[in-house]
2 protein chains.
Amino acid sequence: MEPAVLDALASPRRREILRLVWTGEQTAGAIHRAMPDVTFGAVSLQLRSLVEAGLVEARTERRNRFYRARPEALGPVAEILERMWDDALWKLKLAAELEETRRGPKPRRRRKKRKQ
Amino acid sequence: MEPAVLDALASPRRREILRLVWTGEQTAGAIHRAMPDVTFGAVSLQLRSLVEAGLVEARTERRNRFYRARPEALGPVAEILERMWDDALWKLKLAAELEETRRGPKPRRRRKKRKQ
DNA sequence: AATATAATTTAGTTTAAACTAAACTATATG
DNA sequence: CATATAGTTTAGTTTAAACTAAATTATATT
């Protein structure tokens, strides 16, 4: 496994995208619709990072671009992630984490507790 | 495994420290001596991060503080890291990576290529 | 008590990551 | 051709991470 993989997995946002394309391919638009708190551009950039790290691959069909995970790039880490995603408690943690780690200018919603 | 573990593993510096305390405990000073391009303070802060992530634990003996890895916190990732460290090619990659990802003010040495 | 050694903590700086808004490319449709 | 749709890219902003230098804590030694 490449160190770049560990870098890519460090971001909750990228882990969330990876989860979305894990079981089947999704268009960039569908992925964006699943995370309406960020712009389409932001999603596109994170998709690029994931592709560069080798965790995700893409194909173009007509106007759409379909992304899907490459679990083989993760080796044994794939199973760890699957276990995380199956764990309901972990889902709540991820939601909290996405809230906490929001970045960039002009947070649209009320900010809650700001990571301690 | 906690997501915090993935965050901690994202930093080449922390991975290097983890490697140093993997097979046996080391004092903070010994760890610092192994990475003379950063200050003692910087090493101490990264050690704190690793302890907070649960990847490393510490004990105090007289004036010294001994750190050691907690491989059980990594689960199957432990083996992946060990494989990385055993791989001579990967060692070269790490060296390059540490060079590339240097941060903070006043880089003491000539900077080489600055990440592409 | 003074000094040395080992390490942590604090305050401030630099850099890179994550983001936004807007410009852009490409494909489809009336 | 004009307009809509799908997506990427660029330029610039904000935040957090990684760092430094200096202050601080704690323990040992003379």
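To find a chain, count down the sequence lines: A is the first, B the second, and so on, and within it residues start at 1. Scope of the values below: all heavy atoms of this structure, side chains included, with no hydrogens, waters or symmetry mates.
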Give the rounded distance in Å between these two atoms: [atom1] of [X] and [atom2] of [N].
X: B:E16; N: D:dC19; atom1: CD; atom2: P; value: 12 Å
X: B:F40; N: D:dA23; atom1: CZ; atom2: P; value: 18 Å
X: A:R14; N: C:dA17; atom1: CZ; atom2: P; value: 9 Å
X: B:R59; N: C:dT8; atom1: CZ; atom2: P; value: 14 Å
X: A:R13; N: C:dA16; atom1: CZ; atom2: P; value: 23 Å

Open item on the list: Please enumerate all residues that pass side chain to side chain contact (heavy atoms under 4.5 Å, CB included) together with A:E25, with sequence neighbours excluded.
Closed with: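 Applying side chain to side chain contact (heavy atoms under 4.5 Å, CB included) to A:E25 gives A:R59, A:F66, A:R68.
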Task: Results of side chain to side chain contact (heavy atoms under 4.5 Å, CB included) for B:F40 - residues two or more places apart only - done: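 With neighbours one apart ignored, the set is B:A28, B:H32.
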Got [X] and [Y] here, is their nearest side-chain heavy-atom distance under 4.5 Å?
X: B:L74; Y: B:L18; result: yes
X: B:P76; Y: A:V77; result: no
X: B:E57; Y: B:V51; result: no
X: A:L20; Y: A:M35; result: yes

TODO: Considering non-hydrogen atoms only, spot the tightest contact between B:G54 and B:R70 and give its length.
DONE: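 Looks like O-NH1, 2.7 Å.
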TODO: Heavy atoms only: give me the nearest A:R65-A:A58 pair and the separation to one decimal.
DONE: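 Looks like NH2-CB, 3.6 Å.
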TODO: Respond yes when some side-chain nitrogen or oxygen of A:T39 is under 4.0 Å from OP1 or OP2 of C:dC19, and no when none is.
DONE: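 The answer is no; no side-chain N or O of A:T39 sits under 4.0 Å from OP1 or OP2.
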Task: Any residue of residues 43-53 of chain B with a heavy atom less than 4.0 Å from an atom of DNA chain C - done: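 Of all residues in residues 43-53 of chain B, the ones placing a heavy atom under 4.0 Å from DNA chain C are B:S44, B:L45, B:R48.
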TODO: Can you sort out which residues in residues 22-33 of chain B have a heavy atom within less than 4.0 Å of DNA chain C? Ascending by number, please.
DONE: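 Those residues are B:T27, B:A28, B:G29.
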- [ ] Mind listing the residues from residues 60-70 of chain A sitting with a heavy atom below 4.0 Å of DNA chain D? Number order is fine.
- [x]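 Close to the strand are A:R63, A:N64, A:R65, A:Y67.
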Task: Summary of salt bridge (Lys or Arg N to Asp or Glu O under 4.0 Å) pairs that have at least one residue in residues 40-55 of chain A, sequence neighbours excluded - done: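 Passing the test, one end in residues 40-55 of chain A: no pairs.
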Task: A:R15/B:D7 salt bridge by N-O under 4.0 Å criterion - done: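 Looking at B:D7 and A:R15, the cut-off is met.
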- [ ] Please determine, by modelled atom types, if B:R13 and B:Q46 share a side-chain donor-acceptor pair under 3.5 angstrom.
- [x]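 Note: B:R13 and B:Q46 side chains miss the donor-acceptor criterion.
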